[in-house]
Protein chains: 2
Amino acid sequence: MAGRSYGQYCGVSTALELVGERWALLIVRDLLVGPRRYTDLKQGLPRIPTNILATRLKELQAGGVVRRVPLAHCGLVYELTAYGRELEPIVQALGRWGFRSMGDPEEGDVVTGDSLTMALRTAFRPEVAAVLPPTTYQMHVGPVVLRARVAGADLHVAQLTPAAPPVSGPVPGDAPDLEFAAGPGIRRVISGELTPSVAIGDVVRVISGDPTLLERFALTFHIDPEGTST
Amino acid sequence: MAGRSYGQYCGVSTALELVGERWALLIVRDLLVGPRRYTDLKQGLPRIPTNILATRLKELQAGGVVRRVPLAHCGLVYELTAYGRELEPIVQALGRWGFRSMGDPEEGDVVTGDSLTMALRTAFRPEVAAVLPPTTYQMHVGPVVLRARVAGADLHVAQLTPAAPPVSGPVPGDAPDLEFAAGPGIRRVISGELTPSVAIGDVVRVISGDPTLLERFALTFHIDPEGTST
DNA sequence: CCGGATCCGAATCGATACTG
DNA sequence: CAGTATCGATTCGGATCCGG
């Protein structure tokens, strides 16, 4: 194993030995949304080989980043330790930094519920949201359906995607103020390259609610492609 | 190349495709200190295979992170683009996060001038330094010699290590207020596990100047091992 | 010396299949 | 559901070599 070490006594190289291997930070990204079972992770990372996932989870446990928690009645989940959760600002900063290098999606690229949830949390501007009225957005991106409830400086994202609708009553929470389906171009709305009004009908299709609320959405969720916001 | 893609349309995976490969962020770390020539990078990353270094530099250029700059009279240097420099807070955050997992150095681990320079910049607390008198520290860690000049909220680190001493006059700048040699245990001073007075004679050997200035050093450069500071 | 390119064995990764 | 096992395709690591 000495061959895998960077051979430096340094915080950065130590960090990279813990979470710098291929796929590791994407596993962390998904676990930042919540505890996940092995199968959930595999589904959220469609291209990860199963043996790599198993190996990474063992390494992350050995590094004190992830914990394996047997569930009461069925199966088990992986969850981040407190130490692992401290990676959230780093993962978000990486997401912000990588944001402006995302071109258009490659053939076969997917958007997952967890990645979109983290993207929303990354783009969320609490100080802007705080001065806007509480709003619930429901968005469809490909097969993913998310509900983002913004109230004051707080954001709560729920994934409705693979959930079988409960027999009685609609989805949890109140009805969304705005429901829309977005293509990949939603990225340009988040970055401000595209104004919401232009986006409507092009990359955004409003399903229900007041279309002008898309403006509020763009104010609430924003990533400046120039690094001005750090 | 499609086999190397994470297959996700997401800022984090995009970032990891740019700087997530092995060694890439350590190259960035060294370039954050300043432009470096190929040979400098190779020396600062003693364990990197030369073909990997060449490959990474090409990939980082293709990603717009690094630029290749021919020098006027001799050779050329690599330097970060503006986009690459935006990785500084991320590299620092990784260094802070990894800091508390650094055990004692493994056999063969090295400390380089660039890694120590970044470590100092990472541990530097401008708001604390601002209320302390200007101070110049000169530290020896293994073969590395660094001079850190703290003035108000500003820090300037110079590497004296491999520099042939100029024929006339001493090293640049004024004489250090405190000069000391530190072992790996200096880490415990930075983290506050060890008080400066205890450290003296154990992990720190004062060469010249007032030994009580080590206290000021520990106040100026500090990384809280608990994630309280984020 | 600087800035790599080349070659080769060892380790890892990726894809698929299989099991308790 | 939660992984192992297997195996070819890549990549990594170490060393050497080469043109300026």
Side-chain angles (χ1 to χ4, degrees), chain A residues 1-8 13 16-27 30-31 35-62 66-79 108-110 162, chain B residues 1-8 13 16-17 19-27 30-31 35-62 66-79 106 108-110 162-164:
Chain A
M1 272 287 171
R4 301 277 331 143
S5 163
Y6 290 106
Q8 306 214 171
S13 57
L16 291 176
E17 276 160 20
L18 289 174
V19 296
E21 299 291 299
R22 203 164 162 71
W23 292 105
L25 276 180
L26 291 181
I27 294 171
D30 283 8
L31 290 180
R36 291 290 180 264
R37 32 180 84 214
Y38 189 89
T39 318
D40 299 332
L41 291 169
K42 201 164 80 150
Q43 280 207 354
L45 275 0
R47 300 262 268 251
I48 196 175
T50 161
N51 56 343
I52 297 293
L53 176 55
T55 303
R56 289 295 169 270
L57 285 171
K58 270 179 241 163
E59 291 165 353
L60 290 170
Q61 283 173 77
V66 159
R67 187 170 28 227
R68 193 178 194 265
V69 181
L71 242 42
H73 297 291
C74 48
L76 55 92
V77 294
Y78 294 90
E79 67 177 19
D109 276 6
V110 298
Chain B
M1 269 286 170
R4 299 287 315 152
S5 163
Y6 289 106
Q8 307 215 172
S13 58
L16 291 176
E17 276 161 19
V19 296
E21 298 291 298
R22 204 163 161 71
W23 293 105
L25 275 179
L26 292 181
I27 295 171
D30 283 8
L31 291 179
R36 292 288 182 266
R37 35 180 80 215
Y38 188 88
T39 318
D40 299 331
L41 291 169
K42 202 162 78 148
Q43 280 206 354
L45 275 0
R47 301 262 267 252
I48 196 176
T50 161
N51 56 342
I52 298 294
L53 177 55
T55 303
R56 290 294 171 271
L57 285 171
K58 269 179 242 164
E59 292 165 352
L60 290 171
Q61 284 172 76
V66 159
R67 184 169 29 224
R68 192 179 196 263
V69 181
L71 243 41
H73 298 291
C74 49
L76 54 93
V77 293
Y78 294 90
E79 68 177 19
E106 303 285 318
D109 276 6
V110 298

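Every chain is numbered from 1, with letters handed out A, B, ... down the list of sequences.
Taking only side-chain atoms of B/Arg22, from C-beta outward, the nucleotide of C/dG4, D/dG13, D/dT11 with the closest atom is D/dG13. The side chain of A/Ile52 lies closest to C/dG14 when the candidates are C/dG14, C/dG3, D/dT4. Listed nucleotides D/dC1, C/dC2, C/dA11 differ in distance to B/Arg37; the shortest reach to its side chain belongs to C/dC2. Taking every side-chain heavy atom of A/Tyr78 into account, D/dG3 is the closest of D/dG3, C/dG14, C/dG4. Distances were taken from every side-chain heavy atom of B/Glu21 (C-beta onward) to each of D/dC12, C/dG3, C/dG14; the shortest belongs to D/dC12.
Within a 6.0 Å radius of CD in A/Gln61, more than 12 heavy atoms belonging to other residues, nucleotides or ligands are found.
Protein atom CD of B/Gln61 is 13 Å distant from nucleotide atom C1' of C/dG4, rounded to whole Å. A/Glu17 places its CD atom 13 Å from the P atom of C/dT12, with the value rounded to the nearest Å. We find that CG of B/Leu53 is positioned 9 Å from P of C/dG4, with the value rounded to whole Å. When the P atom of C/dG4 is taken as reference, atom CD of B/Glu59 falls 14 Å away, rounded to whole Å. Going from atom CG of A/Leu16 over to atom P of D/dC12 covers 14 Å, rounded to whole Å. Per the geometry, CZ belonging to B/Arg36 stands 17 Å off P belonging to C/dG4, to the nearest Å. Residue A/Lys58 contributes atom NZ, which lies 15 Å from atom C1' of C/dC13 at whole-angstrom precision. When rounded to the nearest whole Å, the span between CD1 of B/Ile48 and P of D/dG13 equals 8 Å.
Distance check, rounded to the nearest 0.5 Å: CG of A/Leu45 to CG of A/Asp40 gives 11.5 Å.
The shortest heavy-atom contact between B/Gln8 and A/Pro46 is OE1-CD, 3.8 Å. Shortest non-hydrogen contact noted between A/Pro35 and A/Val77 is CB-CG2, 4.1 Å. Nearest approach of B/Leu71 to B/Arg37, heavy atoms of both residues: CD2-NH2, 3.8 Å. Closest approach of B/Ser5 and A/Asp109 over heavy atoms only: OG-OD1, 4.3 Å.
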Q. Quick one: what's the B/S/- string for nucleotides 15-20 of chain D, heavy-atom cutoff under 4.0 Å, read 5' to 3'?
A. BB----
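Contact between the side-chain N/O atoms of A/Arg4 and the OP1/OP2 oxygens of D/dT11 is not found at any separation under 4.0 Å. In this model, the phosphate group of D/dG13 is approached by a side-chain N or O of B/Trp23 to a distance below 4.0 Å at OP1 or OP2.
For A/Glu21, the side chain to side chain contact (heavy atoms under 4.5 Å, CB included) partners are A/Arg4, A/Arg56, A/Glu59, B/Arg22, not counting sequence neighbours.
Note: A/Tyr38 and A/Tyr78 have tilted aromatic rings, judged against thresholds of 30 and 60 degrees for the angle between ring planes.
When the nearest nucleotides of DNA chain C are assigned to B/Gln43 and B/Ala54 by heavy-atom distance, the more 5′-ward of the two goes with B/Gln43. Residue-to-nucleotide proximity on DNA chain D shows that, of A/Leu76 and B/Arg56, the 5′-proximal contact is made by A/Leu76.
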(Q) B/Ile27 vs B/Ile48, test: side-chain contact (heavy atoms from CB on, under 4.5 Å). Steps then yes/no. (A) CA-CA 10 Å; B/Ile27 295 171; B/Ile48 196 176; 4.3 Å; yes
Q.
Please evaluate residues A/Leu41 and A/Leu31 with respect to the criterion side-chain contact (heavy atoms from CB on, under 4.5 Å), reporting the C-alpha separation (whole Å), side-chain torsions for both, the decisive distance (0.1 Å), and the verdict.
A. CA-CA 8 Å; A/Leu41 291 169; A/Leu31 290 180; 4.0 Å; yes
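The C1' atoms of five pairs define one axis at each end of the helix from C/dC1-D/dG20 to C/dG20-D/dC1, and these two axes lie 30° apart (to 10°).
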